[in-house]
Amino acid sequence: MVNELKEGWDVNQMAQKVALDIPDGSYVNLGIGIPEKVAAFVPEGREFIYHTENGLLGMGPVPAKGQEDPELINAGKKAVTAIPGACYFHHADSFTMIRGKHIDVCVLGALQVAENGDLANWSTGEPGAIPAVGGAMDLVAGVKTIYVITKHITKTGEAKIVKNCSYPLTGKAVVNRIYTDLAILDVTEKGLKVIELAPGLSFEYLQSVTEAHIFQ
Amino acid sequence: MVNELKEGWDVNQMAQKVALDIPDGSYVNLGIGIPEKVAAFVPEGREFIYHTENGLLGMGPVPAKGQEDPELINAGKKAVTAIPGACYFHHADSFTMIRGKHIDVCVLGALQVAENGDLANWSTGEPGAIPAVGGAMDLVAGVKTIYVITKHITKTGEAKIVKNCSYPLTGKAVVNRIYTDLAILDVTEKGLKVIELAPGLSFEYLQSVTEAHIFQ
Amino acid sequence: MINKIVTNVEEAVQDIFDGATIMISGFGEAGSPIELIHALIDQGAKDLTIVSNNTGSGEVGLAALIAHKRVKKMICSFPRTANSTVFPELYKKGEIELELVPQGTLAERIRAGGAGIPAFFTPTSVGTPLAEGKETRVFDEITYVMENAIKADFALVKALKADRYGNLVYNKTARNFGPIMCTAAKTAIVQAEQIVELGDIDPECVVTPGIFVKRVVKITNPAQESKLVAENRRYPW
Amino acid sequence: MINKIVTNVEEAVQDIFDGATIMISGFGEAGSPIELIHALIDQGAKDLTIVSNNTGSGEVGLAALIAHKRVKKMICSFPRTANSTVFPELYKKGEIELELVPQGTLAERIRAGGAGIPAFFTPTSVGTPLAEGKETRVFDEITYVMENAIKADFALVKALKADRYGNLVYNKTARNFGPIMCTAAKTAIVQAEQIVELGDIDPECVVTPGIFVKRVVKITNPAQESKLVAENRRYPW
């Protein structure tokens with residue numbers, strides 16, 4: 001029973017939860033990795049326009065095998081397509097969209113999220129590691145709503161939802177909502193508020209695997 | 001005889017002198033008024049590309065009567081044409097060309113030029129006058145070479161080539177060379193050096209109508 | 001479904017409020033959204049701050065908006081143009097404020113407003129009256145002045161073609177301030193001569209990506225300001 | 001006559017000097033001017049500072065330039081990508097410097113370099129290690145960090161089409177850093193798949209106006225980096 005509880009939602013269910021919270025007509029940037037899965041779950045009747053910071057607004061689905069164009073890629077450097085009504089632009093214009101607060105929603109992965117909304121998702125800060133930041137710091141500084149989608153705890157059992165990030169920050173107090181396999185949490189002025197628990201899971205169990213203080 | 005000397009070059013001759021000093025392949029911005037006349041005198045074998053700061057690189061000649069397009073104009077808001085190889089762009093990109101030092105030569109009119117190259121060409125500073133600056137300050141700050149083309153003295157006989165500008169400045173120490181009806185003068189570290197005198201004119205006569213100190 | 005097309009100019013400008021800051025595209029008459037400006041006159045909003053390169057001519061378009069005393073302040077580079085009498089008269093009487101900004105600095109301040117850049121340094125206007133009172137700083141032995149971003153509540157912009165996503169292309173030098181103004185306004189309102197299907201504008205040639213546009217209204221044959229002025233027309237007619 | 005077309009890549013890169021700062025377009029392999037980079041390897045310039053979003057992959061293109069120890073310092077946002085082993089190894093050994101810049105700040109610093117803006121303020125990276133030691137300032141209650149422009153001696157850029165004036169268009173997301181790098185380099189050197197006549201590129205669709213370009217060389221069928229990497233190719237071959 002406990003094992004079953006611990007599993008919570010799978011990655012697709014998490015992605016679907018995120019998609020359900022994105023309003024119709026939103027301009028959306030999806031981070032590399034799990035966030036990319038959100039694109040598969042646009043709710044019936046809604047239209048989102050996907051921005052990829054390397055220079056495309058109106059990113060479409062993955063191309064059919066053999067149809068990949070090495071000059072039509074997303075921020076994760078994977079082949080994509082462009083929808084009718086798409087447009088291309090250079091990096092300064094692309095980050096005008098981001099920094100200028102024109103993108104409505106960004107969905108990002110995380111190494112750690114703190115209870116005040118601090119995000120760490122670009123470096124573990126280990127000596128000798130090659131730091132690589134990409135557009136993450138621009139996205140959290142500029143996008144109106146930041147959703148994080150992440151496993152609740154690491155593979156080695158460490159908390160990712162923490163009191164204070166121990167890893168180098170991507171941005172301070174930038175996250176609005178966290179979607180994990182176990183729960184959905186809002187970052188509020190009072191701390192992390194549990195919005196939804198995965199089926200069969202108790203609040204007490206969630207607190208036991210969450211370093212940050214949470215409330216209902 | 002004195003009257004004849006005072007006339008010096010006419011406006012077309014002045015414009016031609018300017019054009020002769022512009023190297024082949026230059027990107028050139030021509031100010032409103034007399035500077036526009038320079039375009040008519042491109043020396044044989046040279047190709048200049050004209051920039052107009054309202055958003056066109058590759059400005060061509062005035063259109064034939066009846067062929068004017070109100071959405072194809074120059075900085076003076078007069079109808080122009082575009083040459084093959086021209087392109088349109090918005091104002092921020094246009095002033096990237098100017099401020100970023102990509103334009104080679106700018107030819108401007110002047111109210112006053114001082115012996116150190118200070119230029120005043122946007123306002124007489126009279127109380128009640130409507131100030132209007134346009135792109136003049138950007139041009140003098142950003143273009144590599146600034147040529148001034150102007151009558152040597154005002155209609156009312158006042159010196160325009162002065163020790164210090166009494167009118168509000170467009171830019172400090174920005175002018176490289178001055179083309180008047182009476183002479184061509186270089187702005188040097190030592191002051192204004194006479195490069196050429198209009199036919200029959202003496203250096204002494206030129207100094208007598210020039211408030212600034214000049215030398216040969 | 002995303003559909004930014006609205007049915008008429010009245011609907012397009014209905015929520016413009018008293019005291020709003022409005023950017024208006026155009027360099028002279030090229031790119032001036034005259035039908036949107038006339039709709040704004042009809043709509044009645046006042047105490048406006050207008051950001052536009054010029055102040056209009058005759059008594060139509062922007063000049064008419066000013067003539068109707070709707071404009072508290074102009075932010076522009078060149079308020080004095082051919083056939084512009086409305087602004088100069090009010091200005092001499094002290095009935096309208098003017099913030100004069102060099103043209104390239106005006107463009108860059110608008111671009112910065114759209115790009116999330118609150119301030120930047122520029123060499124333009126250093127040593128002139130327009131830099132007085134402003135912070136300066138030396139980089140690599142050259143003095144620069146700090147300029148702040150300009151943002152607006154609304155932009156009124158003229159384009160050639162638009163689609164329902166709000167993607168835009170412009171016509172020749174009528175492009176001028178439109179693309180940057182769309183980025184710097186909370187609500188960019190566009191009049192376009194043609195509304196086309198998604199995909200009809202080559203994705204390599206879109207000048208204003210739709211993300212910067214909130215509303216588009218079709219004005220098939222926009223009035224030509226200089227003709228109206230030559231005919232001594234006044235708005236409202 | 002203005003003619004920026006040069007006959008081959010050797011001529012295009014011949015004057016690149018030791019110690020130069022070079023911007024190289026591309027995001028991953030998209031837009032990476034691989035033939036120009038290979039010509040630079042052959043040319044031999046060293047102690048280079050390279051400004052590019054990534055550090056290349058395999059042992060071709062930018063990665064090969066780094067592998068040949070020609071690069072003193074990388075300025076980039078994401079040095080760690082699929083199949084990139086050359087940079088990480090040298091970095092861990094302390095044999096190459098890295099200035100890590102957020103991607104949008106990198107783009108804006110390059111754009112500023114081209115636009116004559118020596119410095120600007122941005123909210124990106126505030127409160128993170130990448131803002132440490134940098135000047136910050138509060139505008140409207142939000143903290144921003146000051147960032148300086150980046151300029152270069154040369155840019156190596158890949159485009160789709162060019163004409164003799166140097167006007168350019170790009171292919172899809174291969175556009176990425178090319179347009180801003182052309183503006184920020186003293187000498188922008190471009191490889192284009194097609195050379196077209198003046199006027200063949202619609203003046204409304206030119207992405208890089210020729211004023212920003214010094215040299216163009218035709219490379220009809222540029223190599224695809226990922227294919228070369230998959231084939232374990234190394235440059236020079």
Side-chain angles (χ1 to χ4, degrees), chain B residues 32 52-57 59 68-82 86-101 118-120 122-123 125 127-142 165 167-174, chain C residues 27-31 53-55 57 76-82 84 87-88 91-92 98 100-108 110-112 114-115 122-131 142-144 158 160 170-181 183 207-208 224-227:
Chain B
I32 302 169
T52 181
E53 61 265 32
N54 54 312
L56 167 60
L57 190 69
M59 183 175 71
E68 299 90 350
D69 178 342
E71 299 202 317
L72 178 47
I73 60 174
N74 67 9
K77 303 190 179 76
K78 298 195 197 83
V80 295
T81 53
C87 55
Y88 301 105
F89 32 81
H90 62 59
H91 259 72
D93 283 348
S94 185
F95 283 84
T96 284
M97 296 177 191
I98 293 172
R99 200 191 308 102
K101 299 204 176 286
D118 286 358
L119 174 66
W122 67 285
S123 169
I130 316 294
V133 64
M137 287 186 184
D138 304 282
L139 286 161
V140 298
C165 295
Y167 295 148
L169 292 189
T170 307
K172 283 181 86 76
V174 293
Chain C
F27 179 87
E29 67 175 323
N53 193 63
N54 306 104
T55 61
S57 63
C76 70
S77 89
F78 211 85
R80 200 182 58 203
T81 38
S84 84
F87 176 86
Y91 181 76
K92 281 179 187 167
L98 169 64
L100 190 73
V101 184
Q103 196 171 334
T105 299
L106 182 65
E108 192 66 10
I110 295 167
R111 191 238 169 222
T122 174
T124 300
S125 89
V126 169
T128 80
L130 297 191
I142 297 168
T143 304
Y144 297 84
K158 184 185 185 188
L160 180 64
Y170 300 82
N171 184 30
K172 305 186 188 77
T173 57
R175 185 183 303 193
N176 56 66
F177 282 91
I180 50 176
M181 287 181 168
T183 71
V207 175
T208 291
Q224 193 178 322
E225 187 182 283
S226 55
K227 276 194 182 169

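Chain letters run A, B, ... following the sequence lines, proteins first, then strands; residues in each count from 1.
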Bottom line for A129(B): the part with an atom under 4.5 Å from chain C's heavy atoms is backbone
dist C87(B):SG -> K172(C):NZ (nearest 0.5 Å) comes out at 14.5 Å
Turns out that what part of Y88(B) lies under 4.5 Å from chain C's heavy atoms comes down to both
Handout entry: Working for side chain to side chain contact (heavy atoms under 4.5 Å, CB included), residues F27(C) and K77(B)
Key = CA-CA 8 Å; F27(C) 179 87; K77(B) 303 190 179 76; 3.7 Å; yes
Shortest non-hydrogen pair, A30(C) vs P70(B), comes out as CB-O, 3.5 Å
Rounded to the nearest 0.5 angstrom, the CG-CG distance for N171(C) and D69(B) is 6.0 Å
Under 4.5 Å to a heavy atom of chain C? For T170(B) that would be backbone
Given I130(B), I73(B), D118(B), the one with more heavy-atom pairs under 4.5 angstrom with chain C than any other is I130(B)
Scored by heavy-atom pairs under 4.5 Å with chain C, the best of P131(B), A86(B), A92(B) is P131(B)
When the 4.5 angstrom heavy-atom criterion is applied to T105(C) and chain B, the contacting part is both
Turns out that what part of F87(C) lies under 4.5 Å from chain B's heavy atoms comes down to side chain
So, the part of L72(B) with a heavy atom under 4.5 Å from chain C: the answer is both
Counting heavy-atom pairs under 4.5 angstrom with chain C, the leader among V133(B), L169(B), V140(B) is V133(B)
Separation between CG (L160(C)) and CD (E71(B)), nearest 0.5 Å, reads 8.0 Å
Highest number of heavy-atom pairs under 4.5 Å with chain C among A173(B), A75(B), A82(B), A136(B) belongs to A75(B)
In terms of heavy-atom contacts, G134(B) and F78(C) come closest through N-CD1, 3.4 Å
Side chain to side chain contact (heavy atoms under 4.5 Å, CB included) for V126(C) and K172(B)? Distances and angles first, verdict last.
CA-CA 8 Å; V126(C) 169; K172(B) 283 181 86 76; 5.9 Å; no
One should read off an interatomic distance between T124(C) OG1 and I98(B) CD1, to the nearest 0.5 angstrom, of 8.5 Å
By salt bridge (Lys or Arg N to Asp or Glu O under 4.0 Å), K101(B) pairs with (sequence neighbours left out) none
Bottom line for L106(C): the part with an atom under 4.5 Å from chain B's heavy atoms is neither
The reported gap from CH2 in W122(B) to OG in S125(C) (rounded to nearest 0.5 angstrom) is 9.5 Å
| Under the 3.5 angstrom rule, does the side chain of T173(C) hit a backbone N or O of N54(B) as a donor-acceptor pair? | no
Separation between CD (E108(C)) and CZ (F95(B)), nearest 0.5 Å, reads 11.0 Å
Most contact-rich option vs chain B, by heavy-atom pairs under 4.5 angstrom, among N54(C), V101(C), L130(C), T122(C), is L130(C)
Honestly, the part of V207(C) sitting under 4.5 Å from a heavy atom of chain B is neither
>> Any side-chain to backbone donor/acceptor pair from R99(B) onto P123(C)? Under 3.5 Å, distance only.
In response: no
- request: Mark yes or no for whether R175(C), through its side chain, and H90(B), through its backbone, hold a donor-acceptor pair below 3.5 Å.
  value: no
Taking N176(C) for its side chain and H91(B) for its backbone only, find out whether a donor-acceptor pair lies under 3.5 Å.
-> no
Cut-off 4.5 Å, heavy atoms of chain B, and the answer for Y91(C) is side chain
